[in-house]
Amino acid sequence: MAASSVCLVSGASGAWAQPEARTASSGAQPTRADAVQHAKQAAARSLREAYATGQVKDVMAGTLTSANEVSLDRLPVRSAASGFRASVQSSNSAILTAKGLPASTGNVLQVRLANPQARTALAEGVQPLIAAEPSDRQATSLTAYRPDGTEVKLGATAPADVPVLIVGTDGDRIVAAGTKVMSGGFKAAWPESATAPGNGTAPGSATAPGNGTAPESATAPGNGTAPESATAPGNSTAPGSATAPGSGTAGKADAPQGKSVTRINNIQLHKSNEEPFWKGGAEAFAVVSGWDKNDKAFAEPALQLPYLDWTGVDYHPNQNLIDWGHFGYDSADLVFLEEDDGTNYKDLTKAIVDALLTVTGYGTTGIPLANTIMDAIPDKWWTDDTDELDQVYSVSHGAIAKAQNSGAPGLTYFGASGGSNISIGLSNAFIPKT
C-alpha cells in the first residue's frame, strides 16, 4: 500500500494559523485502522501459507519480475488455492466496509516487491519475506515472515538480497472510489452549486475571466510570486481556444459559454524523503469548497491527484482545480492530507457536509472553511500526524490573472505550515463550451 493524500480546498480570506497536527493517541489504534490492518495481516498470512504449499511460489517470481505490484485477486494461483481466494475476498470486504466504500470498488488488496533490487534473487528462487504494511506510517521497524512462519524483524533499510513482499492496499483505487463517494454526497448536499453558470465569469469581476483585474491586494496571504522560469506545460492557451487565459475575450456577451478555472501548473511536496523502504508513494485527492453566490459554504465534487507520489519531485499535471463559476467570492483555501487506513469516506463526507452546512455569511465566523473542515474530522481517524500535509489560504483568481497579464505563468503559493511542506503553481484558463 502506498501512503495516500487528501487535498481539501475551501474558500475563506485572510492568513490563518494551521490547525493543530493530528497525532496518534496513546494506546490502541483507531477501530477502523485496526480493521484494515487485521485484514491486511490475514491476507499476508494466507499468501505466506499459499507460498509455503507451492500454490503461488511458481508464479510469484514471474509476476513480480515484470511489475512491482499485482492485485491479489489477479495473482495466478493453482486451482487448489481456493482457500487463498476466499481469504482474500473476505479481507477485501472487511477493508471496504471499514473505509465506507461500496462493493463495486472491487479488490483493493495487492502485493508488491518492496525492494526491487532483490528482483533477481526472487527470480532465482530465494525465499521471500512476507509482511503486511503497517497502518502506522511512522513505524520504524517491520515484522516479516518466511514462508515456513519464521519471524524476521526488519529495519528501515531494505535487505539487498532477500525479496520482501508487502501486502497492502491499492491507494489509487481506494482514493478513486473514495472521491466518488464524497462527490456524490456533496452533490446531494449542494445540488445548486454542483452545476456552474455557463458564462464563465469569475467572482468579483465584471469583466472576462483572467483579465487581470485583481483585488486591492495583489498577492494572497501566504503566497509567493510566480517563478520566472519557463511557463508550465499547457499554460499558454485555453483548450479549444486560440485565446490565451487572461486575454479578456471570454465572458463577454458575444463570447461562447464555458468555465473559468484555475489549474495546477506544478506542485511539489517538500517533506523529508527519509522513510522506511516498505512505504510507497502518496496518492492524493482534493475537495474544493468555498462560498457560493448565495453566501453559503459549499463543497464541490472531490478531485483525485494520482500523480502526487513522492517528495522533492516537481509535478506538472495541468489539472483543473477550481471552477470559479461556483464561487461568490474571489478566495479559496487549500488543505492537503494523506489518506489513512482509519478514514471512512462515507463518514468523512458527512462530517464535512455537516460542518459546512452550519456556516452562512462570508467571513462571519472569522474562521476559514479549511479550518472548519479539519476541525470537523475526529482526531481518532488519524493514526499519525503525517496525514495533514499542509494548507494554503486565500487563493485568488484575480491575483493569478494579474500575474499572468504581467507575463508570468501564474502564481506560486506556499503552504502555511512551519517549513512550508508544499508549493503549488496555479494559473487561470477559460474552457469554452462546445
Inset, instruction - May I ask you to test the S46-V88 pair for a side-chain heavy-atom distance under 4.5 Å? - result: no
Legend entry - Note, F186 side chain near V353 side chain (heavy atom, < 4.5 Å): yes
Legend entry - Beyond-backbone contact of V162 with V152, side-chain heavy atoms, under 4.5 angstrom: no
Inset, instruction - For residues L321 and R263, determine if any side-chain heavy atom of one lies less than 4.5 Å from a side-chain heavy atom of the other. - result: no
Legend entry - Parallel, tilted or perpendicular: rings of W324 and H397 (30°, 60°): perpendicular
Legend entry - Nearest atoms (heavy-atom pairs only) where I130 meets A44: CG2-O, 3.8 Å
Legend entry - Spacing of CG belonging to N115 relative to CG belonging to N68, to within rounding of 0.5 Å: 10.0 Å
Inset, instruction - Answer yes or no: is there a side-chain heavy-atom contact under 4.5 Å between Y307 and I264? - result: yes
Inset, instruction - Kindly say whether D323 contributes a backbone atom to a donor-acceptor pair with the side chain of K259 at under 3.5 angstrom? - result: no
Inset, instruction - Determine whether P306 and V175 make a side-chain contact, defined as any pair of heavy atoms from C-beta on separated by less than 4.5 Å. - result: no
Legend entry - S90 (side chain) donor-acceptor with S87 (main chain) under 3.5 angstrom: no
Legend entry - Side-chain heavy atoms of N421 within contact of L269, under 4.5 Å: yes
Inset, instruction - Verify the distance criterion only: is there a donor paired with an acceptor across the side chains of H316 and D314 at less than 3.5 Å? - result: yes
Inset, instruction - For the pair E69 (side chain) and Q110 (backbone), establish whether a donor and an acceptor sit closer than 3.5 Å, ignoring hydrogens and angles. - result: no
Inset, instruction - Using a 4.5 Å cut-off on heavy atoms from C-beta on, say whether the side chain of D172 contacts that of Q304. - result: yes
Inset, instruction - Look at the side chain of Y345 and the backbone N and O of K180, then say whether any donor-acceptor pair between them is shorter than 3.5 Å. - result: no
Inset, instruction - Mark yes or no for whether R112, through its side chain, and W278, through its backbone, hold a donor-acceptor pair below 3.5 Å. - result: yes
Contacts under 3.5 angstrom, residues 98-108 side chains, donor-acceptor by atom type, not counting sequence neighbours:
residue: K99; atom: NZ; partner: E339; partner atom: OE2; Å: 2.4
residue: K99; atom: NZ; partner: D340; partner atom: O; Å: 2.9
residue: K99; atom: NZ; partner: D341; partner atom: O; Å: 3.4
residue: K99; atom: NZ; partner: T343; partner atom: O; Å: 3.0
residue: T105; atom: OG1; partner: P102; partner atom: O; Å: 2.8
residue: N107; atom: ND2; partner: D73; partner atom: OD1; Å: 3.3
residue: N107; atom: ND2; partner: L109; partner atom: O; Å: 2.7

Legend entry - Basic-acidic side-chain contact under 4.0 Å: D354, K350: yes
